[in-house]
Amino acid sequence: MSDQTFGLRTSKGFAAKLVLGVTGFAGSIFFARVLGPAGYGTFGTIVAAANVLDNPITGLGDACKKRINEPDVPKGEVVSMALLTAIVGGISLSIIGFGIEQLTGFFGIRNGALLLALTLVGASTFKITQQLLSGTGQFGNAVGFDMLRSVLTIPLQVGLVVLGLGVAGMVFGLTIASLVLVPILLVSIGTLPSIPTRETVESLWRYARFSVPNGFVGATYSRLDILLLNGVLGAAVAGEYKVAYQLVLPGTMLAGVMSTGLFADVSAKSSRGESIDTRVTNNIAFASLVAIPLAFGAAAMPTDLLVTVFGPQYDSAGPLLVGLGVYQVIATQNTQVTSVVTGSDRPDIGLAVDTITVVFNIVVGVIFLFEFGAVGVVSATILAALVRYGAYTHYARQFASYSPLPRPLLHQLIAGVIMFGVVELIHSWWGVRSWLDLAGIVGTGGVVYVVALLVLSEPFFIALRSVVTDAQEQYLS
């Protein structure tokens with residue numbers, strides 16, 4: 001895949017992610033206000049638990065994504081293994097999840113076990129087929145399907161919540177939208193299923209024996225905060241955490257698309273013995289392009305952001321927002337170095353690093369939770385993210401020669417500081433009394449960040465011009 005093709009596909013994927021983010025964000029405002037912190041936190045906890053439990057499915061999905069792009073592996077057999085895993089795994093994990101909730105009553109709502117099972121089946125089946133599409137190199141289209149699912153999910157959920165179904169309506173909407181798109185995803189992959197041979201099963205198992213536990217560990221790490229907060233401090237605090245996370249989540253959109261493409265590119269090139277240095281360098285340089293201004297913007301006016309967008313019931317979540325903004329900057333870099341290591345066919349390294357990270361996060365998170373409350377949980381997650389970043393960077397630099405702090409990334413940090421100063425000045429002088437005030441300050445900050453980058457960073461200007469030129473050639477010529 002050429003640099004131009006990669007850049008154009010990344011921009012297409014990011015555009016889809018942007019639509020996805022706007023749609024999801026609009027929905028989150030409605031749901032957070034209507035359901036309140038407790039209801040919104042309960043739904044977030046159900047989804048988080050499903051994302052942890054479904055990892056035997058998505059872990060094998062990672063193996064399928066890795067193998068389907070390799071020239072010596074029959075693609076139809078990989079598709080068959082993915083479908084079989086989705087069916088058998090979905091039923092088995094739903095039974096396990098149902099039993100756990102029945103015994104513990106962790107979610108604290110009626111029919112919590114059934115809601116967990118439905119979320120598991122819908123989300124895991126969608127994700128494994130989406131992973132297959134991404135593995136074929138169509139990572140921009142894979143993100144597009146995620147956008148389409150969101151576009152379908154939000155209206156369904158709004159209608160069901162308005163009808164009085166509450167958290168159950170949220171789950172029903174997500175499950176229906178997920179399952180409806182699975183047949184279309186399979187058609188887009190463009191490969192008919194075929195009976196897997198022993199060689200294909202063994203090839204997938206060699207990767208899956210690490211990717212399955214690694215996925216479980218990784219999901220536990222990414223969902224630990226909200227599960228801890230719900231279990232110890234209650235659903236309302238989990239709801240505050242979720243709305244704060246929603247505000248900084250757009251920072252991961254570009255990085256997510258780039259890491260997916262990087263994984264496919266590294267997988268293909270490493271299997272052919274080709275260099276990946278240039279691709280890795282470019283990804284590291286621009287993965288945090290969106291996360292950095294969001295983090296600085298959140299730090300400048302956290303409480304006004306939360307209260308204006310989600311309502312006064314979330315006014316105590318400001319410190320969580322600031323901490324999660326910092327975390328997302330680190331996370332965007334983590335997604336890239338993780339793709340380098342796992343794409344180089346070393347899931348064993350990923351398993352070791354993520355296991356250490358999760359153990360560290362659990363131990364420090366529990367200590368900090370009882371010492372500092374919800375802020376302590378976020379602080380522990382930031383420290384764990386730094387541990388993870390350091391370990392993955394160490395191994396990634398064994399597969400690719402690159403600088404962990406390239407000049408474009410440094411320029412973005414400087415532009416973020418400049419933007420923070422301007423936003424803080426305007427916010428202190430004018431304040432936020434309405435949506436119009438908030439939009440004006442946020443828009444000004446965005447303009448300052450982009451202008452500062454255009455002045456400071458020639459690579460940013462070149463990359464932007466290249467993407468625009470490629471898009472014009474493909475769509476307007």
Side-chain angles (χ1 to χ4, degrees), residues 10 14 17 51-52 55 58-59 62 65 134 139 210-211 214-225 245 248-267 276 279-292 294-295 323-344 346-362 364-365 377-400 402-406 408-410 412-413 416:
T10 298
F14 178 60
K17 276 281 190 183
N51 286 338
V52 172
N55 270 279
T58 55
D62 281 334
K65 182 174 75 171
S134 177
F139 55 91
F210 295 108
S211 65
N214 189 37
F216 182 83
V217 170
T220 302
Y221 165 68
S222 64
R223 306 294 177 175
L224 179 63
D225 287 6
Y245 190 83
V248 295
L249 185 61
T252 65
M253 291 178 183
L254 178 62
V257 177
M258 291 177 70
S259 67
T260 302
L262 180 62
F263 179 93
D265 209 33
V266 169
S267 178
I276 58 173
R279 175 74 68 239
V280 175
T281 299
N282 290 339
N283 276 51
I284 293 295
F286 294 106
S288 303
L289 183 67
V290 181
I292 288 172
L294 284 179
L324 288 170
V326 175
Y327 164 75
Q328 292 290 26
V329 174
I330 305 168
T332 55
Q333 292 295 309
N334 265 329
T335 58
Q336 310 309 308
V337 290
T338 301
S339 290
V340 174
V341 174
T342 55
S344 299
R346 290 302 305 271
D348 55 322
I349 293 176
L351 177 59
V353 171
D354 286 351
T355 301
I356 293 170
T357 303
V358 167
V359 172
F360 177 89
N361 200 7
I362 291 174
V364 178
V377 173
V378 176
S379 300
T381 299
I382 293 172
L383 293 175
L386 288 171
V387 170
R388 190 170 188 252
Y389 172 73
Y392 267 115
T393 298
H394 168 74
Y395 287 110
R397 297 185 77 184
Q398 296 179 13
F399 299 107
Y402 72 95
S403 169
L405 188 61
L409 180 56
L410 184 61
Q412 291 158 38
L413 290 169

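Predicted model, so just to flag it, every value in this text is computed and none were measured.
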Asks: Would you check if Tyr389 and Thr357 make a side-chain contact, meaning some heavy-atom pair closer than 4.5 Å?
Replies: no
Asks: If you measure from CD on Gln412 to CG on Leu289, what distance do you get to the nearest 0.5 Å?
Replies: 5.0 Å
Asks: Output all residues satisfying side-chain hydrogen bond (donor to acceptor under 3.5 Å, both in side chains) with Gln333, sequence neighbours left out; order by chain, then residue number.
Replies: Ser288
Asks: Ignoring hydrogens and geometry, is there a side-chain-to-backbone donor-acceptor pair from Gln336 to Ala255 under 3.5 Å?
Replies: yes
Asks: For the backbone of Leu249 and the side chain of Thr252, can you confirm whether one donor and one acceptor N or O come within less than 3.5 Å of each other?
Replies: yes
Asks: Roughly how far, to the nearest 0.5 Å, is CZ of Phe399 from CD1 of Ile349?
Replies: 4.5 Å
Asks: Could you check whether any side-chain heavy atom of Thr342 comes within less than 4.5 Å of a side-chain heavy atom of Phe263, counting everything from C-beta outward?
Replies: yes
Asks: Below 4.5 Å, heavy atoms only, C-beta onward: do Tyr395 and Arg346 meet side chain to side chain?
Replies: no
Asks: Is there side-chain contact between Thr332 and Ile292, with at least one heavy-atom pair below 4.5 Å?
Replies: no
Asks: Residues in salt bridge (charged side-chain N to carboxylate O under 4.0 Å, His left out) with Asp354, at least two apart?
Replies: Arg388
Asks: I need the single residue from Leu383, Thr220, Leu224 that forms a side chain to side chain contact (heavy atoms under 4.5 Å, CB included) with Asn361. Which is it?
Replies: Leu224
Asks: Is Ser339 reaching over with its side chain to a backbone N or O of Ser259, donor-acceptor style, under 3.5 angstrom?
Replies: yes
Asks: Taking Thr338 for the side chain and Thr335 for the main chain, is one N or O donor matched with an acceptor at less than 3.5 Å?
Replies: no
